Amino acid sequence: MDTSTLTIESTRSAIAEKQITATGVVEEFYRKIKADDGDIHAYLTLCEDRALQQARHIDDLAAKGGTLPPLAGVPVAIKDVMVTKGLRTTAGSKILEHFIPPYDCTAVARLEGAGAIVLGKTNCDEFAMGSSNENSAYGPVRNPRDKSRVPGGSSGGSAAAVAAGTALAALGSDTGGSIRQPASFCGVVGLMPTYGRVSRYGLIAFASSLDHIGPLTRTVQDAAIILRTIAGRDPLDSTSANVPVPDYVEEMSKPVKGLRLGIPKEYFGEGLDGETRSAVEGAIEQLRAAGCEIVPISLPHTPYAIPTYYVIATAEASANLARFDGVRYGYRSAHAHTLSEMYRKSRDEGFGAEVKRRIMLGTYALSSGYYDAYYLKAQRVRTLLTRDFEQAFQKVDAIVTPTTPTPAFKLGEKADDPLAMYLADIYTVTADLAGIPGISVPCGQTKSGLPIGLQVLGKHFDESTVLRVAGAVSLKSRT
Ligand code: GLN
């Protein structure tokens, strides 16, 4: 069976029409994982027995001729920062190496409720802190398009699994770009919904005001189907919004003609790689040819986005990660003699270097005497960044930019230079800070074959337009 061309809809309909079975699909994906994932290392934990049991259930339903749920038999991978009942969840950290959660993340439960089959949990930067997947305690992921390069991060395993064909779709999380940046590096679609669109219940918190769950997929339509499935109010997350969820598949099929697309000059300045620029400009020309009006705009506070993000994200992380104390769950040091020594040693031995750096930065930014100068100021700049977008969206329907300044970099290239690594997030952190939706869609490749991503940003809760513009790009770039 050739699973490389399957989409969510073609999988479901082929199972319904009995051309294939869910069991056959799942078996084929595991065969591929066993053959190819050794090098790539996208997966940390597999759950083959459970997946096959779920597949048999779908096949029984199909045999009875019943209507199949929308994601019937679709094999998915879940970033290992989302808890899964009975299935090990590590957050890419040694501190949670043996953690078996007692409950399910809402987004995962909704996917499974719609018939999707979880193949396993994917590798990621520890607690989702990173841009290259090199901060995983379990070793890096390699980019399937060029194994000497990083897949991006922090959802590197999820992006690599979709790109390698070892999952049909995946869930990732995006706090400062972690869905869109790896999607761009691996040549797949990655969607970050509006803050509050998808419940964060069961997502291991990094920076709660910035964390989002969203899909990584082969096609824009698959992203729309997954968003439709996981979106909507969840009483278990008080920040999940009570806003109606449209039928994104129907919405994205509307023509893009007449849409006004903003091109922010700050995203096309110094530091943007030449091949990335020309691929993105080519896609913008295609959108113009499809009838979009291209409008130059400015988002003047963009240069402050990286420092603002790294103050707020680390401040929130330092508070969120206080719970890993060796008492309630996770790793406990065996070499401690007193309670405070147990706390210190458990955290010292359990956390990796980048996580410790973030906890220290964040604790510093929140400490009395520095709070006003760092945290409070960052919150004010966050408001200015949000206003930049609000003003732009009075003039345009969506904003189009490169997803990242460069294509995937080499493993090790930035590993010892945290500042250079942080700068890779320059075009993606802004949308997290403003809480607006964004997608990365493949729009071309470099001469050496590395994928290039186009980012589309939209108004709060207007994922429909984001998907519609992205759909127009991907259709063109595939022809
Ligand atoms: N690369 C960014 C960071 O290191 C974003 C991470 C994310 O979105 N989870 O914090």
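Any value given below was found using the heavy atoms of this structure, including those in side chains, with hydrogens, waters and symmetry copies removed. Keep in mind that this is a model prediction, so the values were computed, not measured. Whatever order the structure lists ligands and atoms in, that order sets their numbers, starting from 1.
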Next on the checklist: Tell me which one of Ile33, Val141, Asn143 satisfies side-chain contact (heavy atoms from CB on, under 4.5 Å) with Ile40.
Outcome noted: Val141
Checklist entry - For Tyr138, what residues pass the ring pair (Phe, Tyr, Trp, His ring centres under 6.0 Å) criterion, not counting sequence neighbours? => result none
Next on the checklist: Going by the rule ring pair (Phe, Tyr, Trp, His ring centres under 6.0 Å), which residues pair with Phe409 if we only count those two or more places apart in sequence or in a different chain?
Outcome noted: Phe185
Checklist entry - Quick check, are the ring centers of Phe324 and Phe99 under 6.0 angstrom apart? => result no
Checklist entry - What residues come within 4.0 Å of ligand 1, counting heavy atoms only? => result Ala128, Met129, Gly130, Ser131, Ser154, Asp174, Thr175, Gly176, Gly177, Ser178, Phe206, Tyr309, Tyr310, Arg358, Asp425
Show every donor-acceptor pair shorter than 3.5 Å between a side-chain atom in residues 451-459 and any protein atom, with sequence neighbours excluded, or say none if there are none.
{"from": "Gln455", "atom 1": "OE1", "to": "Arg180", "atom 2": "NH1", "distance (Å)": "2.8"}
{"from": "Gln455", "atom 1": "NE2", "to": "Thr401", "atom 2": "OG1", "distance (Å)": "3.0"}
{"from": "Gln455", "atom 1": "NE2", "to": "Tyr427", "atom 2": "O", "distance (Å)": "2.9"}

Next on the checklist: Check this for me: Lys356, atom NZ, are more than 12 non-hydrogen atoms of other residues, nucleotides or ligands nearer than 6.0 Å?
Outcome noted: yes
